[in-house]
2 protein chains.
Amino acid sequence: MSKCEQCIVREFSSLKALNKEELVKLAECKTSRLVKKGEVIFEEGENVNGIFCVKDGVCKLTKLSQNGKDHIVKLVTKGELLGQRSMISEEPVNLSAVALEDMQVCFIPKSEIMGFFDKNNQFSMNVMRTICGDLKEADSQMVNMAQKTVKERLAETLLYLQDTFGKNEDDSLKIQLSRDELASMIGTATESCIRLLSDFNKLGLIELKGKKIILKDIPKLKKMS
Amino acid sequence: MSKCEQCIVREFSSLKALNKEELVKLAECKTSRLVKKGEVIFEEGENVNGIFCVKDGVCKLTKLSQNGKDHIVKLVTKGELLGQRSMISEEPVNLSAVALEDMQVCFIPKSEIMGFFDKNNQFSMNVMRTICGDLKEADSQMVNMAQKTVKERLAETLLYLQDTFGKNEDDSLKIQLSRDELASMIGTATESCIRLLSDFNKLGLIELKGKKIILKDIPKLKKMS
DNA sequence: GTATTTATATGACATATATCATATTTTAAG
DNA sequence: CTTAAAATATGATATATGTCATATAAATAC
């Protein structure tokens with residue numbers, strides 16, 4: 001069983017507040033798991049009873065809307081935690097988590113985490129700050145969905161994807177989303193998303209190489225987002 | 001200076017975890033304030049450095065979108081707290097708070113609250129749960145904005161307003177929002193909102209008496225939300 | 001009480017976006 | 001390699017929603 005001390009998750013998440021002793025306990029109770037691209041980590045409505053550490057890979061958090069379409073609420077990448085909200089609220093998860101790439105995740109049972117809350121104030125504050133950050137982001141996204149056009153949201157999302165996940169050697173977005181997923185992130189029909197990508201392509205804002213997307217005119221994309 | 005012990009906010013908010021001693025300290029450091037309808041409690045970008053207890057009245061939390069329109073993110077009513085996220089994140093507030101009715105609020109400086117976080121674990125957990133609830137709600141609203149039609153959002157919002165704030169003796173919604181505010185809650189143009197209200201009226205779903213709104217067919221409204 | 005401003009209402013029209021159909025390309029299966 | 005399935009692309013069209021104009025009603029100021 002690998003140690004948690006050097007783990008990337010510890011470096012970037014609320015867990016950075018844990019001391020050596022706590023990390024040893026963590027390493028003892030955690031279970032590791034490989035998740036293949038497309039595999040479900042947990043599903044809306046499930047009782048998860050713990051949190052996941054994302055050691056490697058990226059997943060999408062989705063919510064099923066009444067019209068039957070999935071909406072991507074957030075992407076979670078290596079170094080981050082999953083399932084904190086549900087654990088704290090003591091409720092089933094309100095979002096599904098599905099791997100966008102092969103992933104390495106660790107599961108930490110609730111009992112262990114709750115102990116940290118009691119004894120480690122810095123850890124509590126870290127978790128609180130993370131969730132506050134998520135809330136701020138969610139509020140902002142809500143307003144975007146309500147007030148921006150699909151075109152603006154597409155431009156914004158493309159920039160976000162490059163900023164957050166970077167690009168390959170050929171300058172294409174490192175994170176690989178299908179048109180369908182991109183559409184469900186910006187909240188539109190797949191065809192509309194594809195059509196707008198074509199438009200952006202013709203306008204020289206982006207370049208499409210198969211399903212790869214290369215951002216060509218970032219200033220213009222920023223201006224229109 | 002009034003005591004906090006019997007305050008409605010204490011009864012319903014995270015503050016219920018405070019003991020007698022803590023409540024006495026609270027009563028000593030708090031400042032009370034009357035806020036007139038339409039008055040601003042704080043504005044997006046401000047440093048608030050504490051939290052507000054809503055002792056009476058209702059306010060809207062709004063966010064200015066890039067197109068210059070305000071979007072109503074949430075309504076906050078008596079018994080609830082304001083400004084927790086910003087205080088925890090140690091950032092300026094990301095939303096503005098404006099009174100929808102005359103209000104009574106108390107301000108508690110950050111220093112005092114942070115002390116509770118250190119010493120009272122139950123209080124911390126309560127705050128965390130509140131924010132987790134807000135986050136869940138925000139995610140859900142985000143998906144609504146992205147996937148539902150304006151008509152569906154209007155129906156849903158009318159039901160929410162009646163559920164949350166109740167109705168007058170004449171069955172009209174107790175909370176009085178202008179058409180403009182209603183529109184900025186559902187995320188649409190004022191004219192579209194007015195038009196849909198007219199449609200709902202003609203269909204017998206609601207009744208319009210001046211600017212008062214009476215819900216007539218709740219099952220149908222539910223079905224279409 | 002009258003005038004002025006503001007909110008509500010409705011029509012006409014423009015535009016963004018969804019939907020349905022179908023072609024083409026890519027990926028997966030046998 | 002060949003075939004079937006899935007993803008991407010594009011056209012045609014319908015529909016929802018925004019915008020601008022204007023009318024009426026209500027609230028506020030004087």
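Note: hydrogens, waters and symmetry copies are ignored here, and every other heavy atom, side chains too, is used. Here is the naming used below: chain letters follow the sequence lines, and residue numbers restart at 1 for every chain.
Contact annotation: A:Thr190 does not reach the phosphate of D:dA7 (side-chain N/O to OP1 or OP2, under 4.0 Å).
For B:Ser198, the listed nucleotide lying nearest its side chain is C:dA9; candidates were D:dT8, C:dA9, C:dT8.
Between B:Asp199 atom CG and C:dT8 atom P the separation is 17 Å, expressed in whole Å. Straight-line distance from the CZ atom of A:Phe200 to the P atom of D:dT10: 15 Å, rounded to whole Å. Nucleotide C:dA9 holds its C1' atom 6 Å from the CD1 atom of B:Ile194, rounded to whole Å. Distance A:Asn201 CG to D:dA9 C1': 12 Å, rounded to the nearest Å. With rounding to whole Å, A:Leu208 atom CG is found 6 Å from D:dA9 atom P. With rounding to whole Å, B:Arg179 atom CZ is found 10 Å from C:dT10 atom P. Atom pair A:Leu197:CG and D:dT10:C1' shows a separation of 13 Å (rounding to whole Å applied). One can place CD of A:Gln176 at 9 Å from P of D:dT8, the figure rounded to the nearest angstrom.
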Check your understanding: Could you walk me through whether A:Ser89 and A:Arg85 pass the side chain to side chain donor-acceptor pair (under 3.5 Å) check?
Key -> CA-CA 6 Å; A:Ser89 299; A:Arg85 193 211 64 79; 3.1 Å; yes

Exercise for review: Mind running salt bridge (charged side-chain N to carboxylate O under 4.0 Å, His left out) on A:Glu137 and A:Lys74 for me, showing each step along the way?
Suggested key: CA-CA 10 Å; A:Glu137 182 57 30; A:Lys74 185 175 164 41; over 6 Å; no

Taking only distance into account, with no hydrogens and no angle test, what donor-acceptor pairs under 3.5 Å do side-chain atoms of residues 187-198 of chain A form with protein atoms, sequence neighbours excluded?
unit_1	atom_1	unit_2	atom_2	d
A:Thr190	OG1	A:Asp180	OD1	2.8
A:Ser198	OG	A:Ile194	O	3.4

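Inspection of the A:Gln176 and A:Lys211 side chains reveals no N or O donor paired with an N or O acceptor under 3.5 Å.
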Check your understanding: With the sugar-phosphate defined as primed atoms, P, OP1 and OP2, and the base as all remaining atoms, what B/S/- string results for nucleotides 11-30 of chain C, 5' to 3', for protein heavy atoms under 4.0 Å?
Key -> BB----SBBB----------

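A:Asp102 pairs in a salt bridge (charged side-chain N to carboxylate O under 4.0 Å, His left out) with only one of the listed residues (A:Lys37, A:Lys36, A:Arg33), which is A:Lys36.
Residue pairs meeting the side chain to side chain donor-acceptor pair (under 3.5 Å) criterion with at least one member in residues 216-225 of chain B, sequence neighbours excluded, are B:Glu207-B:Lys216.
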